[in-house]
Amino acid sequence: MDVSFLGGPQPQRGVGVVAPFDFALDRELWRWVPDEVSLHLTRTPFVPVEVSLDLARLVSEHETLHDAVQALAAVAPEVVAYACTSGSFVGGVAGERAMCAAMSQAGEIPSLTTSGALLEALREIGARRIAVVTPYTQSVTDSLEEYLAEGGMTVTGRAYLGLTRHIWKVPYRDVVDMARQAVVGATDALFISCTNLPTYDVIPQLEAELRMPVLSANQVTMWAALRAIGARAVGPYQALLDPAARSGPAGMSVSPSGPFPVPDPVVESMLGAVEAVESVVDEPEAALAGAAPPGSDGDPADGLDPGFGTGLGEGPYLDDSGGPAAG
């Protein structure tokens, strides 16, 4: 069969991505990428250290970045993104800029980081008062707050999980619960930190409920990398990416009592529909499980991984052996 008329594969533009060794969300990154762009990922070498400030420093050493970018240079990406929030904010604003310079020099390719992209995105949407959600321990969360302050931002509220491992397993419900706790007072936007924390599907839900732009680590990384090559990230109903979303629920003013929705028939009906679906899914599961009392261990109605507790505060979180994880 003659297939010469197909003319070969369509030309692709390349974006290089340097990720920490434990990064598990390759598929999530791809969801922001248009069809004409390919991601080329490489990882930093494994080190036996749990998520902490020490790990952030190890995975962002200039020698490590140099080797990773040189490996990516073989496929000639147009830009390289370092996809790790803590690794790019642990050295402050000056440290982030030095990382970009080291990567650019290593491969002679324009380079950026997640934390640098965050400040760029916050300026893009005109936000200065930020609520922060992280899966990190307190010390790592403190370091993020210091970085934001150095970048001219004020953290108005925060919530964190205290995790040191398996962050990619955190369910959306925990992220939503943390967001509701973190957003207090006068807040311009919410930032969900960590490129290993799933966020793609939860962003529109939170923007509709909180009436403000919601940014996440993977979202700002892909937004900045694609913008650097003149392409646009794909993210329907995400205010940073979708102009229609900025003028929709996320662009509406908040009520005097806080950042919760002012009455809106369309948004109310959307949220009602979500709650209805959740009740249809949850209740039969609870019945099949013998309707265990709410709050008991393994309650299917919770929709949470028992190893992650309630999703708020600092634990205890269980490791694979059933004991509390460090952190």
Side-chain angles (χ1 to χ4, degrees), residues 1-21 23-45 59-60 62 64-85 87-88 96-97 99-121 123-125 168 195-196 198-201 203-204 215-246:
M1 180 178 178
D2 183 11
V3 295
S4 60
F5 68 92
L6 294 175
Q10 292 297 312
Q12 289 284 293
R13 308 181 68 185
V15 170
V17 178
V18 179
F21 64 88
F23 180 72
L25 299 182
D26 304 55
R27 174 64 186 134
E28 174 160 293
L29 288 186
W30 277 95
R31 297 182 73 183
W32 275 288
V33 179
D35 290 342
E36 69 274 14
V37 176
S38 286
L39 297 181
H40 308 299
L41 277 84
T42 190
R43 282 167 169 76
T44 62
V59 297
S60 60
H62 288 193
T64 298
L65 298 177
H66 181 276
D67 293 345
V69 173
Q70 283 207 322
L72 288 171
V75 293
E78 297 180 49
V79 66
V80 171
Y82 176 73
C84 179
T85 326
S88 52
E96 190 276 333
R97 291 173 180 164
M99 290 177 65
C100 290
M103 290 191 296
S104 296
Q105 183 177 11
E108 298 183 354
I109 305 167
S111 301
L112 57 90
T113 74
T114 297
S115 295
L118 168 60
L119 293 182
E120 184 181 349
R123 288 191 287 266
E124 172 74 10
I125 62 174
W168 66 89
T195 54
N196 228 2
T199 58
Y200 188 95
D201 295 304
I203 291 173
L215 309 181
S216 79
N218 282 329
Q219 178 205 48
V220 299
T221 305
M222 289 296 96
W223 168 80
L226 291 164
R227 188 161 86 155
I229 66 171
R232 293 186 62 178
V234 178
Y237 310 111
Q238 298 180 25
L240 177 64
L241 314 179
D242 186 350
R246 293 195 198 185

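By convention here, the first residue in the shown sequence is residue 1. Nothing here was measured: the structure is a model prediction, and the numbers come from that model.
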Notebook entry, point to check: Between V59 and F21, is a side-chain contact (heavy atoms from CB on, under 4.5 Å) present by the stated rule, with each step listed?
Noted result: CA-CA 8 Å; V59 297; F21 64 88; 4.2 Å; yes

Checklist line | Test side-chain contact (heavy atoms from CB on, under 4.5 Å) applied to Q10 and E36, step by step | finding: CA-CA 8 Å; Q10 292 297 312; E36 69 274 14; over 6 Å; no

Next item on the list: Evaluate the criterion side-chain hydrogen bond (donor to acceptor under 3.5 Å, both in side chains) for residue pair T114 and T195; output intermediate values, then yes/no.
Entry: CA-CA 8 Å; T114 297; T195 54; 5.5 Å; no

Next item on the list: Please lay out, stage by stage, how R13 and S38 fare under the test side-chain contact (heavy atoms from CB on, under 4.5 Å).
Entry: CA-CA 6 Å; R13 308 181 68 185; S38 286; over 6 Å; no

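Looking at V17 and H40, their side chains never come closer than 4.5 Å, going by heavy atoms from C-beta outward. Within the 4.5 Å cutoff, the side chain of E78 has no heavy atoms near those of the P110 side chain. The shortest distance between side-chain heavy atoms of P198 and E28 falls below 4.5 Å. Two residues are said to be in side-chain contact when any heavy atoms from C-beta on lie closer than 4.5 Å; M222 and L241 fail this criterion. Y82 is listed as a side-chain neighbour of L65, based on a closest heavy-atom distance under 4.5 Å. Taking 4.5 Å as the limit, every side-chain heavy atom of V234 sits out of range of all side-chain heavy atoms of V33. By the 4.5 Å heavy-atom criterion applied to side chains, P45 and T64 are counted as neighbours.
Between the CG atom in D67 and the OG1 atom in T44 there is a gap of 11.0 Å [rounded to 0.5 Å]. Here the CE-OG distance, from M99 to S88, works out to 5.5 Å after rounding to the nearest 0.5 Å. A distance of 7.5 Å separates OG1 of T221 from CG of L112, quoted to the nearest 0.5 Å. One distance of note links CH2 of W223 with CG of N218; it measures 15.0 Å at 0.5 Å rounding.
No more than 12 heavy-atom neighbours from other residues, nucleotides or ligands sit within 6.0 angstrom of CD on Q105.
Across S111 and I109, no two heavy atoms sit closer than the pair OG-O, 3.0 Å. Summarising the geometry of D242 relative to G235, their closest heavy-atom pair is CB-O, 3.9 Å, with the distance given to 0.1 Å. Nearest heavy atom pair, residue A106 against residue H66, reads CB-CD2, 3.5 Å. For F23 against L41, the heavy-atom pair with the smallest separation is CE2-CD2, 4.0 Å. Here the closest heavy-atom approach between residue V37 and residue A231 is recorded as CG2-CB, 4.4 Å. Residues A117 and A224 share a closest heavy-atom pair of CB-CB, 3.5 Å.
The closest side-chain donor-acceptor pair between S115 and T85, if any, does not fall under 3.5 angstrom. Judged purely by distance below 3.5 Å, without hydrogens or angles, the side chains of T113 and E96 pair a donor atom with an acceptor atom.
Within the structure, side-chain hydrogen bond (donor to acceptor under 3.5 Å, both in side chains) contacts touching residues 227-240 (residues at least two apart or in different chains) are W32-Q238, E120-R227, E124-R227, Q219-Q238.
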